[in-house]
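One structure below.
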Amino acid sequence: MEDNKVENPEEAVQPQDEVVVDAVNSTPAEDVAAEEAGAAGADEAMTEEEKLRKEIDSLKAQLEKEKKEYMFLMADFDNYRKHTLKDKSELIKNAGENVFRGLLPIVDDMERAIKHGENSDDPKALHDGMVLIFKKLKDYMEKNGVKPMVTNGEAFDADRHEAISVVPVPDEAQKGKILDTVNTGYTINDKVLRHAKVVVGQ
């Protein structure tokens, strides 16, 4: 009976030793690996979160900077617009003043001519004086870009002329041509200042 119980002692002990060895050798290693993997995952997750936060903060700072620059540009543009309007208004005002200032010497000449005519019986002298004043006025106008239109004998142009009368003509070459000018037309810097009132052949 006793021989049967201890017939093979090595077989009875070996499985228990193997189980103990496996339990001791495998469990701690797996736990350590799991802990390291978890820690690495947490570190990686925190790193990604920090990166996103930094990127968001950077974008917010950039947006705020661009917003301030935009506000500065808008303020500068508004100041420039107001300054331009003021300069334009002053330019128009000063241009009018300069035109009338240039006309004052001609007005003076006309006053002198009128006074001279009251005390003179020479109509030719009065006529010559008025011609000189008229020439002075035309020179001043041309100096400022105002020129009379040449109309007689020219073809009628609705953009430059105003036909106040149409006259039948026997000559075909005169049809559509300006026969007479009632009021001289003027241009300023090649732009129509006043249309010429003309008689046109038909």
Side-chain angles (χ1 to χ4, degrees), residues 63-202:
L63 179 62
E64 189 66 22
K65 179 182 177 182
E66 291 180 354
K67 183 179 178 181
K68 289 181 179 179
E69 291 178 351
Y70 172 76
M71 295 300 293
F72 285 140
L73 286 174
M74 287 298 295
D76 289 342
F77 176 76
D78 189 56
N79 291 333
Y80 170 77
R81 183 180 61 83
K82 291 179 180 178
H83 185 69
T84 302
L85 290 175
K86 183 179 178 182
D87 288 346
K88 185 177 180 181
S89 177
E90 290 292 331
L91 180 63
I92 294 173
K93 180 180 177 181
N94 293 333
E97 290 178 358
N98 291 332
V99 169
F100 287 108
R101 186 179 295 111
L103 287 173
L104 292 179
I106 300 174
V107 173
D108 295 338
D109 290 343
M110 293 183 69
E111 287 181 351
R112 284 191 288 269
I114 292 172
K115 289 180 180 179
H116 181 72
E118 292 175 351
N119 301 321
S120 176
D121 295 331
D122 187 358
K124 186 177 184 306
L126 181 60
H127 175 268
D128 293 343
M130 295 302 295
V131 169
L132 290 174
I133 294 172
F134 179 69
K135 183 177 182 304
K136 188 174 183 179
L137 178 60
K138 289 190 67 176
D139 290 343
Y140 175 77
M141 291 172 63
E142 289 185 4
K143 182 180 179 181
N144 286 274
V146 180
K147 297 180 180 179
M149 295 181 186
V150 177
T151 51
N152 288 348
E154 297 291 322
F156 177 78
D157 183 358
D159 292 332
R160 296 168 58 87
H161 312 134
E162 179 184 349
I164 62 171
S165 179
V166 177
V167 178
V169 290
D171 188 357
E172 289 290 330
Q174 288 184 320
K175 289 186 177 182
K177 296 293 183 66
I178 296 172
L179 303 178
D180 189 22
T181 302
V182 179
N183 283 105
T184 303
Y186 288 90
T187 60
I188 179 168
N189 299 323
D190 297 327
K191 179 181 177 181
V192 175
L193 180 63
R194 188 180 74 178
H195 291 76
K197 294 183 180 182
V198 297
V199 178
V200 183
Q202 184 178 28

Compile the donor-acceptor pairs under 3.5 Å between side chains in residues 143-150 and protein atoms, sequence neighbours left out, one pair per line.
from : atom 1 : to   : atom 2 : distance (Å)
N144 : ND2    : Y140 : O      : 2.8

With a cut-off of 3.5 Å and sequence neighbours excluded, list every side-chain donor-acceptor pair involving residues 77-84.
from : atom 1 : to  : atom 2 : distance (Å)
D78  : OD1    : R81 : NH2    : 2.8
D78  : OD2    : K82 : NZ     : 3.3
N79  : ND2    : A75 : O      : 3.2
H83  : NE2    : D87 : OD2    : 3.1
T84  : OG1    : Y80 : O      : 2.7

What pairs of donor and acceptor atoms, side-chain ones from residues 173-180 against any protein atom, are under 3.5 angstrom apart with sequence neighbours left out?
from : atom 1 : to   : atom 2 : distance (Å)
K175 : NZ     : E172 : OE2    : 3.0

First locate atom CD1 of I133, then atom CG of D108, and finally report the distance between them rounded to the nearest 0.5 Å.
10.0 Å
So OG1 of T181 and CD1 of I164: to nearest 0.5 Å the spacing works out to 9.5 Å
Interatomic distance, CE@M130 vs CG@L137, rounded to 0.5 Å, equals 10.0 Å
To the nearest 0.5 Å, tell me how far E64 CD sits from K67 NZ.
6.0 Å
E118: partners by side-chain contact (heavy atoms from CB on, under 4.5 Å), with sequence neighbours left out:
I114
Does anything in residues 124-142 form a salt bridge (Lys or Arg N to Asp or Glu O under 4.0 Å)? List the pairs, not counting sequence neighbours.
D109-K136, K124-D128, K135-D139
Hey, could you give me the OG1/CG distance between T151 and N183, rounded to the nearest 0.5 Å?
10.5 Å
More than 12 heavy atoms of other residues, nucleotides or ligands under 6.0 Å from CE of M141: yes or no?
yes
Distance-only donor-acceptor pairs under 3.5 Å for side chains of residues 184-202, two or more places apart:
from : atom 1 : to   : atom 2 : distance (Å)
R194 : NE     : T184 : O      : 3.2
R194 : NH2    : T184 : O      : 2.5
H195 : NE2    : D159 : O      : 3.2

Spatial distance of atom CG (L73) from atom NZ (K68) [nearest 0.5 Å]:
14.5 Å
